[in-house]
Amino acid sequence: MEKRKNISMAVIKRLPKYHRYLNEIMKNDIDRISSKELSEKIGFTASQIRQDLNCFGDFGQQGYGYNVKALYNEISNILGLNKSYKSVIIGAGNIGQAIANYTQFTRLGVSIDGIFDANPKLLGIKIKDVEIQDIDELEKFLSENYIDIGIICVPKINAQKVCNKLVKNGVKGIWNFAPVDLSVPEDVTVENVHLSESMLTLIYLLNEKSEQ
Ligand code: NAI
């Protein structure tokens, strides 16, 4: 599978959905699947699926469909799930604690290795065996532990400051929940998660349907 260059963002954004559905399909003991059957399950057109998967090499065999397990494994590799990732959560409030309590990230190979907060009342509390530490300990922790991902769950006014600390200490991936556009060097990747934007899309579509 060598065709990996210049993959469009649109294709990359669809890969997690392929990954999730193929996992479901595997659980149902289905070994092979055609792009048409996959299309009925996932909701992308069959030609879209063939085009997407073709970006990464020849997965399917004409007339035989895709080998589900091989495709699942390959998409896992493309997504980088053949490795493990260490992360820290900054901000142990509502969102930070919800993420720390969510166990499914371990399935993706992402471990929560540290949780940091500025509120003295939270220090020492354990979430899934990880103790909340003082934010002042963050830089020391990062210098002693290689951390891939920083998960920012602080109020927006403090988000850039926290981000700078992470970046300065070698963290290359930022999962940002604060409603602010972070500025980072080119070698750092930020993925923003904004539930409100998703809610606004829902509200728009809800109104659009009710007006029809
Ligand atoms: P929260 O107030 O429950 O928690 C924030 C935590 O950050 C507190 O425990 C506070 O002590 C800590 N904190 C503040 N400054 C800090 C610093 N400099 N270093 C370390 N810890 C610090 O807030 P909540 O509800 O968890 O929201 C957190 C962030 O997530 C906010 O920016 C909020 O706007 C955002 N948010 C994002 C959502 C999304 O969909 N992306 C949804 C809800 C909230």
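Just so you know, ligand 1 is whichever comes first in the structure, and atom 1 is the first atom listed for that ligand.
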Contact check: N94 vs ligand 1, nitrogen or oxygen atoms, below 3.5 angstrom
yes
Can you tell me which residue and heavy atom of the protein come closest to atom 21 (N) of ligand 1, and the distance to 0.1 Å?
A118 N, 3.2 Å
Starting from atom 40 (O) of ligand 1, find the nearest protein heavy-atom neighbour and note its residue, name and distance.
L195 N, 2.5 Å
Please tell me whether F44 and Y18 form a close aromatic pair, meaning their ring centres lie under 6.0 Å apart.
yes
At what distance is the nearest protein heavy atom to atom 19 (N) of ligand 1, and which residue and atom is it?
I135 CG1, 3.5 Å
For K168 and E139: C-alpha separation, side-chain torsions, deciding distance, then whether salt bridge (charged side-chain N to carboxylate O under 4.0 Å, His left out) applies.
CA-CA 9 Å; K168 187 177 142 207; E139 296 200 62; 3.2 Å; yes
G96, any N or O under 3.5 Å of ligand 1 N or O
no
Just to be sure I'm reading this right: ignoring hydrogens, which of A178, G91, C153 gets closest to atom 5 (C) of ligand 1? Compare them by their nearest heavy atoms.
C153
Between I95 and ligand 1, is there a nitrogen or oxygen pair with a distance under 3.5 Å?
yes
Geometric class of the F116/F141 ring pair [parallel <30°, tilted 30-60°, perpendicular >60°]
perpendicular
Between N67 (side chain) and K69 (backbone), is there a donor-acceptor pair under 3.5 Å?
yes
Per-atom filter on ligand 1: closer than 4.0 angstrom to a heavy atom of V154 are 7 (O), 13 (N), 16 (C), 20 (C), 21 (N), 22 (C), 29 (C), 31 (C), 32 (O)
Using a 4.0 Å cutoff against the non-hydrogen atoms of F177, which atoms of ligand 1 qualify?
30 (O), 35 (C), 36 (N), 37 (C), 38 (C), 39 (C), 41 (N)
Part of N158 within contact of ligand 1 (heavy atoms, under 4.0 Å)
side chain
Take atom CG in N119; do more than 12 heavy atoms of anything else shown fall under 6.0 Å from it?
yes
Note the single closest protein heavy atom to atom 41 (N) of ligand 1, along with its residue, its atom name and the distance in Å.
V193 O, 2.4 Å
Starting from atom 14 (C) of ligand 1, find the nearest protein heavy-atom neighbour and note its residue, name and distance.
P155 CD, 3.3 Å
Rounded to the nearest 0.5 angstrom, the CD-CG distance for E74 and L79 is 10.5 Å
Under 4.0 Å from ligand 1, counting heavy atoms only, is it the side chain of L122, its backbone, both or neither?
side chain
Below the 3.5 angstrom mark, is there an N/O of V162, backbone or side chain, next to an N/O of ligand 1?
no
Go through ligand 1 atom by atom and flag the ones less than 4.0 Å from a non-hydrogen atom of K156.
32 (O)
Before accepting this row, confirm whether a basic side-chain N of the pair E144/K140 lies closer than 4.0 Å to the acidic partner's carboxylate O.
yes
Which of the atoms of ligand 1 are close to N119, meaning less than 4.0 Å from one of its heavy atoms?
11 (O)
Quick one: does atom 25 (O) of ligand 1 have a protein heavy atom under 4.0 Å from it?
yes
What protein heavy atom sits nearest atom 4 (O) of ligand 1, and how far away is it?
G93 CA, 3.2 Å
Can you pull out the closest protein heavy atom to atom 12 (C) of ligand 1? Residue, atom name and distance to 0.1 Å, please.
D117 OD2, 3.3 Å
Would one find an N or O of P179, backbone or side chain, under 3.5 Å from an N or O of ligand 1?
no
Atom OH of Y146 with >12 non-hydrogen neighbours under 6.0 angstrom
yes
Hey, what do you get for NZ (K17) to CG (D52), rounding to the nearest 0.5 Å?
11.5 Å
Looking only at atom types and distance, does a side-chain atom of N101 sit under 3.5 Å from a main-chain N or O of Q97, one as donor and one as acceptor?
yes
Between E40 and K36, does any NZ, NE, NH1 or NH2 come within less than 4.0 Å of an OD or OE carboxylate oxygen?
yes
As a quick check of understanding, evaluate salt bridge (charged side-chain N to carboxylate O under 4.0 Å, His left out) for K172 and D187, giving each step before the final call.
CA-CA 7 Å; K172 298 287 186 222; D187 63 339; 2.8 Å; yes
